[in-house]
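Computed from heavy atoms alone, side chains included, the values below leave out hydrogens, waters and symmetry copies. Per chain, numbering begins at 1; letters A, B, ... match sequence-line order.
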Amino acid sequence: MARILITSAIPYINGIKHLGNLIGSQLPADLYARYLRGRGNEVMFLCATDEHGTPAELAAAKAGQPVAEYCARMYEVQSDIAQRFGLSFDHFGRSSSTQNHHLTQHFAGRLADAGLIREVTEKQVYSNADRRFLPDRYIEGTCPNCGYERARGDQCENCTKQLDPTDLIEPRSAISGSTDLEVRETKHLYLRQSAMSDQLDKWIDSKTDWPVLTTSIAKKWLHDGDGLQDRGITRDLDWGIPVRKGDEDWPGMEGKVFYVWFDAPIEYIACAAEWAEANGKSDADWQRWWRTDKGADDVRYVQFMGKDNVPFHTLSFPATILGSGEPWKMVDHLKSFNYLNYDGGQFSTSQGRGVFMDQALEILPADYWRWWLLSHAPESSDSEFTWENFQQSVNKDLADVLGNFVSRITKFCRSKFGEEVPEGGAYGEQEEALIADLTTRVRAYERHMEAMEVRKSAQELRAIWVAGNEYLQSAAPWATFKTDPEKAAAQVRLGLNLIRLYAVLSAPFIPFASARMLEAMGVSDTTWPEDVAASLSMLAPGHSFAVPEVLFAKITDEQREDWETRFAGTRD
RNA sequence: GGGCCUGUAGCUCAACGGUUAGAGCAGAGCGCUCAUAACGCUUUGGUUGGGGGUUCAAAUCCCUCCAGGCCUACCA
């Protein structure tokens, strides 16, 4: 069986993520991981919290907590929600881990040795009141172009003109509002990405099966204007990974930390090391996933992310890895997603607009969200969440098509044969036709899942559910029973077996409901139906089962209206 | 300003340059009565954003215009 390494873009520590973040990387990555495990592959699925940077420091200050405590607390919150959404990470790590500290410093040291780091002294705005350097967008002022009073130091939101912080009229700190700003000199390390441009370009060119969205963004950065620019990888912050050259001090860089975008992707690797430590494994156990000289040469590595993360994954991180000169595993396939919009606008963490992961679980079980989000995943373009669409899709697909199927067959069996798989009769022509149809569909489902075609996979799965209802309608065991109880028994037996089949096939999408279906049918065998016919004879006559409670309750109009109102404004 | 993406039925989306542009939902009709007023069958909806061009053939390729979105390197 194959070995697949899967990483999801790591969510920022600053607050609870919304549904747009979830469908942008973690959820499709989980779908893929669950599917591959279901097929018997060896999977390492990693994710973590991204904890460094200015927003984390500010959020901690706002919460009145030291930043380390704040991050530790938010890590627990995010970890708990991820678990309740069924995100099946093999490890959910932290970019602030000691493992990541060591690896990040290690990579910086290797890059420096390879001559790929240069020191740059530059001028940056310092706020005396805030006692920190301010990133461009944390400086506000009046736009010299249009007169808008809340223009940011990088761009004016009103007239879209690109700005430099020093262009602003009456600049002030966006954090405190203080106008006590000064320009100070500060020294930083730059990664010489320009020196690796050709190497990266060739590497991108070799990835012919990547989506246009992915390669076009990378190509743009490589070839636009002066080509790939060197990038600052350090910051003047308190919270972060101290700048060190491997195990040694870095003269002149005391008190500085690595830029969050330098250390965050390295956490993908460090996370595996955290996994090893948490599970009592050795270094060799995680290195066989990440070092091609230590067993990772047969690993297929797939990354999932939102489109805004593409440049970092196609250029910066590969530059870091390649530049180290060490045989680290490079990404093989990169699946990026567009954005999910909320009711005509964007989901927004900063504005509290939309539905957040914790709120979602307060009103409905995870499977409802998983199904809707995955079956509407923003693959080819941005997509939109509306409550009406959500209600209709979920009610029809989950309650009517799948849930009702389980209900009708189990209840019919109970009333005519009792709560065990009925004996007698044999599968005939009609059953063979169903098996042939399902075989075709299951193979198509597998192809779509392999290709990470999320929406198409969902469509095919739904068609597989529908096939069960079609069969019952034409076989009509309730009519057959009156004239030929033996034949009806065989029909019901097939129907009950379909429930187990559906549970196995559906588990990547709706793991919780899938588990309930298996529990009701009294089986724990989740073997993938390589042979559909054999799979549909697994539950033998006499096997007892229980009629499950309503698998998916429908969303009522009252609920929908209530939620529409409740989530119309902004959070908090 | 530059780059990229998107525009197909009321809604969400399909469609290697190749029969008459297809599915699901919603709407209409019929059937069934095991089931969560569920299921099945049939069916009404499209000048593929506008205009021009290439081609035996265009939703698909080219040009142009319109509308929306994303990115543009110090937010992450």
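In this structure, A/F412 does not count as stacked on the base of B/rC34 under the 5.5 Å centre distance and 30° plane angle limits.
Counting non-hydrogen atoms under 4.0 angstrom, A/F312 reaches a base of the nucleic acid. Counting non-hydrogen atoms under 4.0 angstrom, A/T54 reaches the backbone sugars and phosphates but no base. No engagement by A/G232 is indicated, since no non-hydrogen atom pair under 4.0 Å with the nucleic acid exists. Heavy atoms of A/E470 sit under 4.0 angstrom from primed sugar atoms or phosphate atoms, though from no base atom. Heavy atoms of A/V260 sit under 4.0 angstrom from primed sugar atoms or phosphate atoms, though from no base atom.
Between the side chain of A/S176 and the backbone N or O of A/D130, no donor-acceptor pair lies under 3.5 Å.
Proximity note for A/D308 (side chain, C-beta onward) versus B/rA73, B/rA76, B/rU36: the nearest is B/rA76. Checked against B/rA73, B/rG40, B/rU36, the side chain of A/Q193 finds its nearest nucleotide in B/rA73. Taking the side chain of A/Q124 as heavy atoms from C-beta on, and the options B/rC74, B/rA35, B/rC39, the nearest nucleotide is B/rC74. In this structure, the nucleotide among B/rC25, B/rA73, B/rA76 sitting nearest to the side chain of A/D50 is B/rA76. In this structure, of B/rC34, B/rA73, B/rA14, it is B/rC34 that holds the atom nearest to the side chain of A/W478.
Ring-plane geometry between A/F337 and A/F304 is classed as parallel, the angle between the planes falling under 30 degrees on a 0 to 90 degree scale with a further cut at 60. Using cut-offs of 30° and 60° for the angle between ring planes, the A/F312 and A/W261 rings count as parallel.
Between the C1' atom of B/rC74 and the CZ atom of A/R184 lies a distance of 18 Å, rounded to the nearest Å. Between the CZ atom of A/R462 and the P atom of B/rA14 there is a distance of 16 Å, given to the nearest Å. The CD atom of A/E460 sits 15 Å away from the C1' atom of B/rC13 (whole-angstrom rounding). Between the P atom of B/rC74 and the CG atom of A/L191 lies a distance of 12 Å, rounded to the nearest Å. Here B/rA76 presents its C1' atom at 19 Å from CZ of A/F258, a figure rounded to the nearest Å. For the pair A/W221 CH2 and B/rA73 P, the interatomic distance rounds to 7 Å; values are reported in whole Å. Rounding to whole angstrom units, CG of residue A/N469 and P of B/rU36 are separated by 13 Å. Taking atom CD1 of A/I10 as the reference point, atom P of B/rA76 lies 13 Å away to the nearest angstrom.
One side chain, A/D236 or A/T186, offers a donor N or O that lies under 3.5 Å from an acceptor on the other.
In this structure, A/Y339 reaches the B/rC71 phosphate: one of its side-chain N or O atoms is under 4.0 Å from OP1 or OP2. For the pair A/Y259 and B/rC75, the criterion of a side-chain N or O lying under 4.0 Å from OP1 or OP2 is not met. Between A/K456 and B/rA15 there is a side-chain N or O to OP1 or OP2 distance below 4.0 Å. Residue A/K411 places no side-chain N or O under 4.0 Å from the OP1 or OP2 atom of B/rA38.
Between A/A479 and A/P135, the residue anchored nearer the 5' end of RNA chain B, judged by the nucleotide with its closest heavy atom, is A/A479.
In summary, of the residues considered (A/R447, A/R441, A/M449, A/H448), a side chain to side chain contact (heavy atoms under 4.5 Å, CB included) with A/Y445 occurs for A/M449 alone.
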Write down the protein N/O and nucleotide N/O pairs, taken from nucleotides 10-12 of chain B, whose separation is under 3.5 Å; answer none if there are no such pairs.
none

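The cationic group of A/K554 does not satisfy the cation-pi geometry with A/F552, failing either the under 6.0 Å distance to the six-membered ring centre or the 45° limit from the ring axis. Relative to the ring axis of A/Y339, A/K307 places its NZ or CZ within 45° and under 6.0 Å from the centre.
Below the 3.5 angstrom threshold, one finds a donor paired with an acceptor across the side chain of A/W261 and the base of B/rA76. A/N404 contributes a side-chain N or O that forms a donor-acceptor pair with the base of B/rA35 under 3.5 Å. The base of B/rC74 is paired with the side chain of A/E122 by a donor and an acceptor separated by under 3.5 Å.
Base-pair partner of B/rC4: B/rG69 (Watson-Crick or G-U wobble, both distances under 3.5 Å). Both distances falling under 3.5 Å, in either a Watson-Crick or a G-U wobble arrangement, place B/rA28 opposite B/rU42.
Aromatic pair A/H313/A/Y268: ring centres closer than 6.0 Å. For A/W371 and A/W465, the ring centers sit closer than 6.0 Å to each other.
Comparing the P positions of B/rG10 and B/rG45 gives an interatomic distance of 11 Å, to the nearest angstrom.
Nucleotide B/rG45 carries a syn base; the chi torsion (O4'-C1'-N9-C4 or O4'-C1'-N1-C2) is within 90° of 0.
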